[in-house]
Amino acid sequence: EVEGCYDPKVRSFGEEAPLLVERAIRAAAEEGVARSAGTLRASAVTARLISSGDVDVTEDQSGLYFSFRAMKDDEASGHAISVGRSLGGFDTEAAATRAARIAMMAQSPKTIVPGKYEVLFDHLAIANLLSVAGSAASIFSVESGLSFFKGKLGKRVASPIVSLYDDPRLPGGFGSSKFDAEGVPCLLY
C-alpha cells in the first residue's frame with residue numbers, strides 16, 4: 001500500500017464543501033478583490049484493474065482539488081490552487097488569499113526593457129512546463145516518435161543542475177498508486 005493516498009472522510013465531504021468555498025471567497029474579499037470564481041472537486045473511489053494476464057488488483061484513492069481565481073478588476077487577476085489526497089492540509093482559504101494577493105499586485109504592471117533575465121517560475125507555471133516534459137518522457141511517446149526526446153536516450157537533455165524523477169509511491173502523492181495502468185506494481189527505480 002502507498003501511505004496517505006486515501007482519506008475515508010472525503011467520501012462524506014459533501015456537506016463541508018460549501019463552507020470551505022464560502023471561507024475562501026471571504027478570505028479573498030478581505031484582501032480587497034472585487035470578484036472571485038473557482039472549482040472545488042472531491043473524489044473517493046475504489047480503483048480496480050483486471051487483465052487477461054491474471055491481474056486483479058484494487059486500491060482506494062481519494063483526491064481534492066481547489067482552483068481559485070481572484071479578480072481585482074478587468075485587468076488584474078490572480079490564480080492559486082490547493083490539492084491533496086486527504087482533508088488534512090487541504091486549505092482553500094490559503095489558496096484564495098494567495099490568488100487575491102497576486103491580483104492586487106497585478107494592478108500595477110511595470111514595463112521592462114527587453115533583454116535576457118533570470119526567471120524564477122511560480123509553481124503553477126513550472127508545473128505546466130514539467131507536465132509537457134513528463135508526457136514527452138513517456139516511453140510510449142519516445143518510441144512512437146511523438147516526443148522531442150526521440151533519439152535522446154542516454155544523452156543529456158537539460159542542465160546538469162536539473163534532475164527529475166517520478167516516484168509513483170510518494171506517500172500522499174497526487175498521482176501515487178501501488179499499480180500502473182497495466183497492473184504492474186509501481187516501483188521507484
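Any value given below was found using the heavy atoms of this structure, including those in side chains, with hydrogens, waters and symmetry copies removed. These numbers come from a predicted model, not from an experiment.
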Using the rule that two of Ile, Leu, Val, Met, Phe, Trp, Tyr join whenever any of their side-chain heavy atoms come within less than 4.5 Å, decide whether Val119 and Leu130 are in one cluster. yes
Closest heavy-atom pair and its distance - Ala106, Pro109: O-CD, 3.5 Å
Does the pair Arg69 and Ser36 meet the rule for a side-chain contact (heavy atoms from CB on, under 4.5 Å), with working shown? CA-CA 6 Å; Arg69 170 122 357 235; Ser36 56; over 6 Å; no
More than 12 heavy atoms of other groups within 6.0 Å of Asp56 CG: yes
Would you check if the side chain of Ser86 reaches a backbone N or O of Asp7 as a donor-acceptor pair within less than 3.5 Å? no
Any side chain to side chain donor-acceptor pair (under 3.5 Å) involving residues 105-123? Give me the pairs, sequence neighbours left out, ordered by first then second residue. Arg98-Asp122
Measure the shortest side-chain to side-chain distance between Ile50 and Val55 over non-hydrogen atoms and say whether it is less than 4.5 angstrom. no
Where is the tightest heavy-atom contact between Ala28 and Val33, given as atom of each residue plus distance? O-CG2, 3.2 Å
What I'd like to find out is whether the side chain of Arg85 reaches to under 4.5 Å of the side chain of Cys5, using heavy atoms alone. yes
So which atom in Ala70 and which in Ala103 form the shortest heavy-atom distance, rounded to 0.1 Å? O-CB, 3.4 Å
Would you please test Cys186 and Arg169 for side-chain contact (heavy atoms from CB on, under 4.5 Å) and show each step? CA-CA 7 Å; Cys186 290; Arg169 301 187 64 81; 4.2 Å; yes
Can you measure from CE (Met104) to NZ (Lys72) and round to the nearest 0.5 angstrom? 4.0 Å
Mind checking side-chain contact (heavy atoms from CB on, under 4.5 Å) for Ser52 and listing every partner two or more places apart, or none if nothing turns up? none
Pairwise distance CD(Glu1) to OG(Ser176) - rounded to 0.5 angstrom: 12.5 Å
I'd like to check the side-chain hydrogen bond (donor to acceptor under 3.5 Å, both in side chains) partners of Asn128; sequence neighbours left out, ordered by chain and number. none
Not counting sequence neighbours, which residues clear side-chain contact (heavy atoms from CB on, under 4.5 Å) with Thr39? List them please. Arg41
Using modelled atom types and a 3.5 Å cut-off, is there a donor and acceptor pairing between side-chain atoms of Arg11 and backbone atoms of Ala44? yes
Heavy atoms of Ala24 and Ala96 approach each other most closely as O-CB, 3.1 Å
Should the pair Asp73-Arg35 be classified as a salt bridge under the 4.0 Å nitrogen-to-oxygen rule? no
Any side-chain heavy atom of Thr58 sitting closer than 4.5 Å to one from Phe179? no
Between Val142 and Ala136, what is the shortest heavy-atom contact and its length? CG2-O, 3.4 Å
Taking only residues two or more places apart in sequence, or in another chain, which ones meet Asp60 in a side-chain hydrogen bond (donor to acceptor under 3.5 Å, both in side chains)? Thr46
To the nearest 0.5 Å, tell me how far Lys178 NZ sits from Glu3 CD. 13.5 Å
Side-chain contact, heavy-atom cut-off 4.5 Å: Met71 with Ser77? yes
Show me, pair by pair, the donor-acceptor contacts under 3.5 angstrom made by side chains of residues 150-164, not counting sequence neighbours?
from: Lys155; atom 1: NZ; to: Gly151; atom 2: O; distance (Å): 3.4
from: Ser159; atom 1: OG; to: Ile161; atom 2: N; distance (Å): 3.2

Residues in side-chain hydrogen bond (donor to acceptor under 3.5 Å, both in side chains) with Glu59, at least two apart? Gln61, Ser177
Side chains of His79 and Ile102 in contact at under 4.5 Å (non-hydrogen atoms): no
Ser62: which residues meet the side-chain hydrogen bond (donor to acceptor under 3.5 Å, both in side chains) condition with it, sequence neighbours left out? none
Would you check if Phe121 and Leu129 make a side-chain contact, meaning some heavy-atom pair closer than 4.5 Å? yes
When clusters are formed from ILVMFWY side-chain contacts under 4.5 Å, directly or step by step, what else is grouped with Leu19? none
Apart from Leu20 itself, what residues make up its hydrophobic cluster, given side-chain heavy atom links below 4.5 Å? Val10, Phe13, Val21, Ile25, Leu40, Leu64, Phe66, Phe68, Leu87, Phe90
Can you tell me if Ser131 uses its side chain to pair, donor with acceptor, with the backbone of Ala127 under 3.5 Å? no
Using side-chain contact (heavy atoms from CB on, under 4.5 Å) as the criterion, list what pairs up with Ser135, not counting sequence neighbours. none
Mind checking side-chain contact (heavy atoms from CB on, under 4.5 Å) for Val83 and listing every partner two or more places apart, or none if nothing turns up? Tyr65, Ile81, Phe174
